[in-house]
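Taking it in order: structure first as structure tokens, then the write-up.
Everything numeric here is computed off the predicted structure, so don't read it as measured data.
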Amino acid sequence: MNTLNRGNLFKLSLLAASLLLSLGTLSVQAQDNTTGMLKGVVNQTSGQTSITLTHKSQGFSRTVQSNAQGEYILRALPVGEYQLKVQQNNQTVLDNYSIQIKLGQTVIFNPVLGGVENIERIAVQGSMIRQIDTSDSTAGLTFDQVTLDKMPVNTGFENIALLTPGVARSSEFDASSFGGASSAENGYFLNGMNISALRTGIGSIDLPWEAIAQTQVKTGGISAEYDRFIGGVVNAIARSGGNDFEFGAELRYDPAALFSAHDSVYKDNRSFAINNEEYEDSFREANIWASGPLIQDKLFFYALLNPRRYQSEYANSAATVFTNHKKDEDRWFLNMDWYITDDHVLTVTALDNTVDNSYQNYKWTTADGRGEETGLTQSGSGGKMYSARYQGFVTDELSVSATLGRVEDNTHTKPTNTFPGIWDYVNLNGQRYGDWTTNNLVSEAYRRDQFRLDLTYALDNHTLQFGIDAEQLDVDYLEFQNGVADARGWWEYRTYTAIPRIDLPAGTYVRQRQRDVGGKTEVNSLAFYLQDSWQINDSLVLNAGLRYSSFENTASTGEAYLDLKQQIAPRLQLIWDPSADGNSKVFTTFGRYYQPIAANMNIKQASGQKDVHFYYLPDQLNPDGTLVLNADGSPSHGDLVATNVVQSGAVDVDRIAADDLGPMYSDEFTLGYEQQLDDNLKGGVRFVYRELKQSIEDSDLGPVVAKWLEQNNIENKAKEHYFYTLLNPGKDVTFFYDFDLNGTKEKVQLSAEDLRLPKPERKYLAWEFSLEGKPTDHLQLWASYVWSHSWGMTEGLVRTDNGQADPGWTTSYDYADLMDHGRGNLPNDHRHALKLSGIYQLAEQWDLGFVARATSGSPLNKFSIHPSGVDTCKEPSLWAQWCASQWYNEASFYDWDGTPAPRGSAGSLKWLYEFDLSLTYHTQVADGDLTLKTTVYNLFNFDTPVNVNEVAQITRTDGSFAANPDWNSPTALQSNRLVSFVVRYQF
């Protein structure tokens, strides 16, 4: 902003008398996922006006001529700071005006230029920039890194997303819930690349956060260029170099000495619910970067090294094991921009996010603390990303962009001993015991290849956008349990209900579970979309889009077990500017969003999974009642009394998924209003309704199939009893399988009435109230209040209430009886959420940042074993003979005495209060910029439980039931107080 003297201010006041702030019939523009846009209207006395933007660091320029009404648009602008110049009749009337272009946003700039003769240069105030974009109604926020560096926002997309209305923190997963959707249903993008977690979709791949320039969070009303999600979108763009060489370094240190661990939480019997006795964290990070021109005005680079070291020490709640966890990361990032011409740019991006983890275990007791070493567990994860993106203008009206790239992610474990994992549910409430270090051995490799092409063509009142979007995800997975020979497996000592099908009476047993998975599979997707942004008249805009997508998943045999086509997703936005002056808008949107099947399902359903359970009588016991351990680490046990082959390992694509399977999708409707309150402040209200219309679940149809075979006089010579099948709950199911081994597959047809699987209801209703901007010159803030309600039968792809991060493969819908009384308030139901974030400039060199949130607690459940002979376990239900939900132990919606306890009916967790504070100091040292920042996360060290024990029932050794005294006891608390110091210098 130019500095103005009194004379210039007087001239400006004269010009303001001729203010023209009309959007006219300005053509609108569908937004790109890596750039921004500038548009507006200028008042002109005669002829045309030219508007030129020059990128301040990279030097390229873009020029556009206004039309007869003074309207102009500059599309597909790389993010960053620009210098704006306006010329009329070859005379410069405005120069050196700074414009900040933000990711996915439209800057509306309506300068006053006419009415005063012989003025070569004028300055304008911020009031010329409108706060309301009346051509778009996508909900969300955009943050640049300069802003985030002044705020107490930790690294990671989720911490940025949580600043946005309608986004709730997950208590179990490293990803957020957008609009009531589960944490596995969001999309994450960097420089146009899909960087969502490759196996599960829960969050994104890890990134060097210093390399991120801007981050956009989209929570609703999203255009047709985006898909593969039904929650929300986090979209980011990377930093770039410029014409000046720049260097910098940043050091961050979170000392263990200032780590304020919460107090331990105890059960009624004084054993630990949460053991924080020796809990300690520390973190160190360095960012070292360089940027500049390889060829002036043409070729630029940005390079970053990002080593990180994290260390944590903690004891388990069973008070038996102490762990020293170390995580080492040596991440790097490279971004290069080649401006072939001012109108054509090629961007190449590469990064590495490899992680090495080690867990050194020790014996531990409350009295003596840490004891002797018991073993070391090591693992590695992460990989690389490469992408190339072209953006160019073929003509003033036609632009094209193309993205090609690959994301890799690999995980492996390194066992340091061969002892199998053991858990005791009889004496230790499910805690581990023994000297084992690694219970499960996994080697997994994922590679996602992506290509997309987008074309944009601008007409007088229409902007058409067309795109092709294709992905291929290769999965190579191997998993088996630790242990040598007969010791291999997962071992549990617990009391079980009867399993009549395998002749297992109720009692206390030692169970050995061996689950082997392996194979190479693929997840393929292809989509086309068309988007039209139509300026109907001066005050009405229609954005209409249509997206066609198809999803294919293959089994380890190479055959497709799922091929979902003809998924048509309409996206509509209608925006009305009631006063036609750009100061307010009324809008409504409708959108349909499709969710693909995660790669996790390829592994669980289509990779030859063999899952066998062996039940033994207990044998030798220690004085405390635990099992004596053998030399090979396995528990002492007696005779084998039953074997349960849950999955045989055979792969038959005709039985993996129902023949008539339909896609998973959700519909969204919104209605809203935004108003510019003053030059730099806007407020709004938005009504949101979302409904999951169809879901895909895995269900074991074994009990129903057994009845079908009996009714059709077909002998089950294949001896297959479990039929885990992907289906749409609430609909008929058809699949094919050769039961009698005669070479011809029987066509199994099961009605929705017989299956009794309830429709997968998930509804979300919300009112969002928001305030954003600068109420004073020194204060910038984002404030919101959201009232919402999320209810139904299913959370979605994952389950928060039992911690299952298994998209599509949770216990939900495994059997109809598991869903009895399952309708109610869902885990992501937070009825009230208040958020206040901002930056206050204390002085020229001092900034105070704050983030405050108050969120009502999630619903509370009571889980117990399904009682026999009631609800779906009552004849004539086809599920009654098995009542298989009992095998899941305390997983059904009943109180300890068999009384129905509908989902979410046991109350709610406490309100969660969060308050973070930062203080930042800026100064000049030796021609460079020095920044010192101190951040305190959870300033008041609140220790509210975010997870509790929801098991309402315990089973005594005699098989009788009793109320669980540990029900509602905390199992996880909110993050404790953490102090972070950052020193940054760049020149």
Considering residues at least two apart in sequence or located in another chain, which fulfil the salt bridge (Lys or Arg N to Asp or Glu O under 4.0 Å) criterion with [X]?
| X | answer |
| --- | --- |
| E408 | none |
| R853 | E914 |
| R239 | E210 |
| D943 | none |

Ignoring hydrogens and angles, state whether a donor on the side chain of [X] or [Y] is under 3.5 Å from an acceptor on the partner side chain.
| X | Y | value |
| --- | --- | --- |
| N410 | E444 | no |
| S358 | Q378 | no |
| N191 | S387 | no |
| T944 | Q974 | yes |
| N287 | N306 | yes |
| S176 | E158 | yes |
| N947 | S171 | yes |
| R252 | S980 | yes |

Determine whether a donor-acceptor pair (N or O, by modelled atom type, separation under 3.5 Å) exists between the side chain of [X] and the backbone of [Y].
| X | Y | answer |
| --- | --- | --- |
| Q360 | G375 | yes |
| D352 | K384 | no |
| R448 | N194 | yes |
| T776 | H778 | yes |
| T35 | P78 | no |
| K835 | T164 | yes |
| K363 | E373 | no |
| N186 | G232 | yes |

Measuring from Y362:OH to F322:CZ, what's the distance to the nearest 0.5 Å?
8.0 Å
Kindly compute the distance separating CE (M336) from OG (S240), expressed to the nearest 0.5 Å.
11.0 Å
Near [X] [atom1], under 6.0 Å, is it more than 12 heavy atoms from other residues, nucleotides or ligands?
| X | atom1 | result |
| --- | --- | --- |
| K774 | NZ | yes |
| K910 | NZ | no |
| W338 | CH2 | no |
| D174 | CG | no |

Check residues 920-927 and write down every donor-acceptor pair under 3.5 Å in which the side-chain atom is one partner and the other belongs to a residue at least two apart or another chain.
unit_1: H922; atom_1: NE2; unit_2: D847; atom_2: OD2; d: 2.9
unit_1: T923; atom_1: OG1; unit_2: Q845; atom_2: NE2; d: 3.4
unit_1: Q924; atom_1: NE2; unit_2: D929; atom_2: OD1; d: 2.3

Residue list, side-chain contact (heavy atoms from CB on, under 4.5 Å) with [X], at least two apart or on another chain:
| X | result |
| --- | --- |
| V936 | L939, R977, V979 |
| R284 | Y253, R309 |
| T403 | M193, R389, R452 |
| Y279 | F259, A261, N276, D281, S312, Y314, N976 |

With N361, which of T323, T374, N316 fulfils side chain to side chain donor-acceptor pair (under 3.5 Å)?
T323
Do L38 and I101 come close enough that some side-chain heavy atom pair is under 4.5 Å?
yes
Is there a side-chain contact between F940 and F915 (heavy atoms, below 4.5 Å)?
yes
Tell me, which pairs form a ring pair (Phe, Tyr, Trp, His ring centres under 6.0 Å) where one or both residues lie in residues 140-162, sequence neighbours left out?
F143-W782, F157-W209
Is it true that R370 and E313 make a salt bridge, defined as a side-chain N closer than 4.0 Å to a carboxylate O?
yes
State whether K326 and D328 are salt-bridged, where the test is any N-O pair (Lys NZ or Arg NE/NH1/NH2 against Asp/Glu carboxylate O) under 4.0 Å.
no
Qualifying salt bridge (charged side-chain N to carboxylate O under 4.0 Å, His left out) pairs, either residue in residues 291-305, two or more places apart:
none
Quick one: closest heavy-atom pair of T142 and Q216, and the distance?
OG1-CG, 3.4 Å
By side-chain hydrogen bond (donor to acceptor under 3.5 Å, both in side chains), S57 pairs with (sequence neighbours left out) H55
Y339/F300 under side-chain contact (heavy atoms from CB on, under 4.5 Å): CA gap, chis, key distance, verdict
CA-CA 9 Å; Y339 282 85; F300 310 96; 3.7 Å; yes
